[in-house]
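Input: a single structure, listed below in structure tokens.
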Amino acid sequence: QVQLVESGGGSVQAGGSLRLSCAASGLPQRSGCMGWFRQAPGEEGEGVATFNTGDGRIYYVDSVKGRFTISKDNAKNTLYLQMNSLKVEDTAMYYCAADGRWALSLMPYYYNVWGQGTQVTVSS
């Protein structure tokens, strides 16, 4: 019923930018929290940014503060992650996720709906 589809990943040079999109279907505009997560090969996954769809509250992991921006276009029911000043360390598979609860969380286990992921590769 609920589906999340990520897009916008690709390969970019360090210092460049990418904008990831997460198209949501079967999900109300005010549906709790949505977030972006990433996992690189051989590393544990981590939350990147989370967004409260009710009041717009946002929380970022420290490593991306000032560089990444999470936002949502309610008309398109699409979540975005604008990534600027990309670093090699940002290379990972990026996933979009959603949960019906309202607390901001960067913990993957908090979310119950996930997209298929989109690869981001940053080279020096």
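Keep in mind that this is a model prediction, so the values were computed, not measured.
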Going by salt bridge (Lys or Arg N to Asp or Glu O under 4.0 Å), name the pairs with one or both residues in residues 69-87, residues two or more places apart or in two chains. none
Is any side-chain heavy atom of L79 closer than 4.5 Å to one of S21? no
Pairwise side-chain contact, V122 with Q13, heavy-atom cut-off 4.5 Å (strictly under): no
Salt bridge (charged side-chain N to carboxylate O under 4.0 Å, His left out) against D90, all qualifying residues, sequence neighbours excluded: R38, R67
Smallest separation among heavy atoms of L106 and A49, with atom names: CD2-N, 3.6 Å
Which residues, ordered by chain and number, are linked to Y111 in its hydrophobic cluster, where ILVMFWY side chains connect at heavy-atom gaps below 4.5 Å, directly or through other members? F37, M93, Y95, Y110, W114
Pairs in or reaching into residues 83-124: which pass disulfide bond (SG atoms under 2.5 Å apart), with residues at least two apart or in two chains? C22-C96
Which residue pairs pass the salt bridge (Lys or Arg N to Asp or Glu O under 4.0 Å) test with at least one member in residues 6-33, sequence neighbours excluded? none
Audit row: T91, V120, side chain to side chain contact (heavy atoms under 4.5 Å, CB included) steps and yes/no: CA-CA 5 Å; T91 296; V120 171; 5.8 Å; no
In sequence, state the C-alpha distance, the side-chain angles, and the governing distance for Y80 and L20, and then conclude on side chain to side chain contact (heavy atoms under 4.5 Å, CB included). CA-CA 5 Å; Y80 299 100; L20 306 184; over 6 Å; no
Output every pair passing salt bridge (Lys or Arg N to Asp or Glu O under 4.0 Å) with a member in residues 96-116, not counting sequence neighbours, ordered by first then second residue. D99-R101
Side chain to side chain contact (heavy atoms under 4.5 Å, CB included) between C33 and L104, intermediate numbers included: CA-CA 7 Å; C33 293; L104 294 175; 4.1 Å; yes
Shortest non-hydrogen contact from A40 to A92? N-CB, 3.9 Å
Between T118 and G9, which heavy-atom pair has the shortest distance, and what is it? OG1-N, 3.1 Å
Atom CH2 of W36 and atom CE of M83: how far apart are they, to the nearest 0.5 Å? 8.0 Å
Going by side chain to side chain donor-acceptor pair (under 3.5 Å), name the residues that satisfy it together with S71, two or more places apart in sequence or in a different chain. none
Check: residues 53-61 side-chain donor-acceptor pairs under 3.5 Å, at least two apart:
{"from": "T53", "atom 1": "OG1", "to": "S31", "atom 2": "N", "distance (Å)": "2.9"}
{"from": "T53", "atom 1": "OG1", "to": "G32", "atom 2": "N", "distance (Å)": "3.1"}
{"from": "T53", "atom 1": "OG1", "to": "G32", "atom 2": "O", "distance (Å)": "2.6"}
{"from": "D55", "atom 1": "OD1", "to": "R57", "atom 2": "N", "distance (Å)": "3.0"}
{"from": "D55", "atom 1": "OD1", "to": "R57", "atom 2": "NE", "distance (Å)": "3.2"}
{"from": "D55", "atom 1": "OD2", "to": "R57", "atom 2": "NE", "distance (Å)": "2.7"}
{"from": "R57", "atom 1": "NH2", "to": "W102", "atom 2": "O", "distance (Å)": "3.4"}
{"from": "Y60", "atom 1": "OH", "to": "I70", "atom 2": "N", "distance (Å)": "2.9"}

Are side-chain heavy atoms of M34 and L4 found at a separation under 4.5 Å? yes
Contacts of S7 that satisfy side chain to side chain donor-acceptor pair (under 3.5 Å) - sequence neighbours left out: none
Do any pairs count as a salt bridge (Lys or Arg N to Asp or Glu O under 4.0 Å) and have a residue in residues 102-113, sequence neighbours left out, and if so which ones? none
Taking all heavy atoms of S17 and all of S85, pick out the closest pair and write down the distance. OG-N, 4.3 Å
Side chain to side chain donor-acceptor pair (under 3.5 Å) against Q82, all qualifying residues, sequence neighbours excluded: N84
Those residues at least two apart in sequence (or on a different chain) that pass side chain to side chain donor-acceptor pair (under 3.5 Å) with E43 are none
Rounded to the nearest 0.5 Å, how far does CG of L86 lie from CZ of F68? 5.0 Å
Is a side-chain N or O of T50 found less than 3.5 angstrom from the main chain of G35, in a donor-acceptor match? no
Atom of A14, atom of S124 and distance for their closest heavy-atom approach: CB-CA, 4.3 Å
